[in-house]
Amino acid sequence: MSIIDGIKSNAKTARWVGVLLIIAGIVAMFAPLGAGLAVVTVIGVLLAFSGFSMLILAFRAGSFGDGMMIFLLGLLAALAGIYMLANPDVALATLTLFLAAYFVVAGIVEVIYAFQVKPVQGWGWLLFAGIVSVLLGIMIWRQFPVSGEWAVGVLVGIRMLMSGFQLMAIGGAVGGVANAMDDAVGV
C-alpha cells in the first residue's frame with residue numbers, strides 16, 4: 001500500500017468517525033439526562049479506578065511513611081468515584097453547578113482579555129464568545145435544578161456534534177488532497 005492509499009483510507013475513516021460522532025451528539029442532545037448520567041458514570045468509574053490504583057501503590061510504598069500523601073489522594077479519589085456511582089443525580093447536579101460557574105468565570109476572563117487586545121483583528125469574536133459564555137453560565141445557574149437534567153448532556157452533545165463536523169471536514173480535505181496527488185502522479 002502506498003502512502004497515498006494510506007492517506008485516502010484514513011480520510012475515509014475520519015469521515016465515518018465524524019458521522020458517528022454527529023449521530024452520538026444528536027442522540028445526546030435529544031436525551032440530555034441520559035447523556036449527563038452517562039458522563040457522570042464514566043467519571044465515577046475512572047475516579048474509583050484511579051483511587052484504588054493509588055491505594056494499592058500507597059500500600060506497596062508503605063502508606064504511613066513516604067506513601068501517606070499517595071494514600072490520602074487515592075482514598076479521596078476512590079471515595080469520590082464511589083459516591084458519584086452511588087449518587088449519580090447528586091453528581092450530575094454538582095457537575096452542572098460547576099459548569100455554570102466555569103462558564104461565568106471563563107466568560108468574564110474572555111471579555112477582559114478581549115478589551116486588552118482590542119486593536120487586534122478578531123478581538124470582537126473573543127468578546128462575543130465571552131459574553132455568550134457568561135450568559136450561558138447565568139442561564140444554567142438560574143434554571144438550576146432543572147438545568148441539571150439537560151445542561152451536561154446538551155453540552156456534551158454539542159461538543160460531539162462539532163467534533164464530528166470537524167472530522168468530516170478534515171477527512172474530506174485530506175481525501176481531496178490524496179485524490180489530487182493521485183491525479184498528479186497519473187495513478
Side chains of residues 123-144: which donor-acceptor partners sit under 3.5 Å, not counting sequence neighbours?
| residue | atom | partner | partner atom | Å |
| --- | --- | --- | --- | --- |
| Trp123 | NE1 | Lys118 | O | 3.0 |
| Ser133 | OG | Phe103 | O | 2.7 |
| Gln143 | OE1 | Trp150 | NE1 | 3.4 |

To the nearest 0.5 Å, atom CE of Met160 lies from atom CD1 of Ile23 at 11.5 Å

Of all heavy-atom pairs linking Met84 and Ala91, the shortest is CG-CB, 3.8 Å

Interatomic distance, CD@Glu149 vs CG@Asp89, rounded to 0.5 Å, equals 10.0 Å

Heavy atoms of Ser147 and Thr96 approach each other most closely as OG-CG2, 3.6 Å

Please examine the side chains of Leu155 and Arg159, heavy atoms only from C-beta on, and report whether any two atoms are closer than 4.5 Å. no

Between Gly157 and Ala28, the two heavy atoms sitting closest are CA-CB, 3.6 Å

Here the gap from Leu95 atom CG to Leu97 atom CG, rounded to the nearest 0.5 Å, amounts to 9.0 Å

Anything under 3.5 Å between a donor and an acceptor, one on a side chain of residues 34-50, the other on a protein residue two or more places apart or in another chain? List them.
| residue | atom | partner | partner atom | Å |
| --- | --- | --- | --- | --- |
| Thr41 | OG1 | Leu37 | O | 2.8 |
| Ser50 | OG | Leu46 | O | 3.2 |
| Ser50 | OG | Leu47 | O | 3.0 |

Output for pair (Arg15 CZ, Thr13 OG1), nearest 0.5 Å, gives 9.0 Å

All heavy atoms of Gly171 vs all of Ala14, minimum pair found to be CA-CB, 4.0 Å

Shortest non-hydrogen pair, Met54 vs Leu73, comes out as CE-CB, 3.4 Å

Sequence neighbours excluded, the answer for side-chain contact (heavy atoms from CB on, under 4.5 Å) partners of Leu72 is Met68, Met69

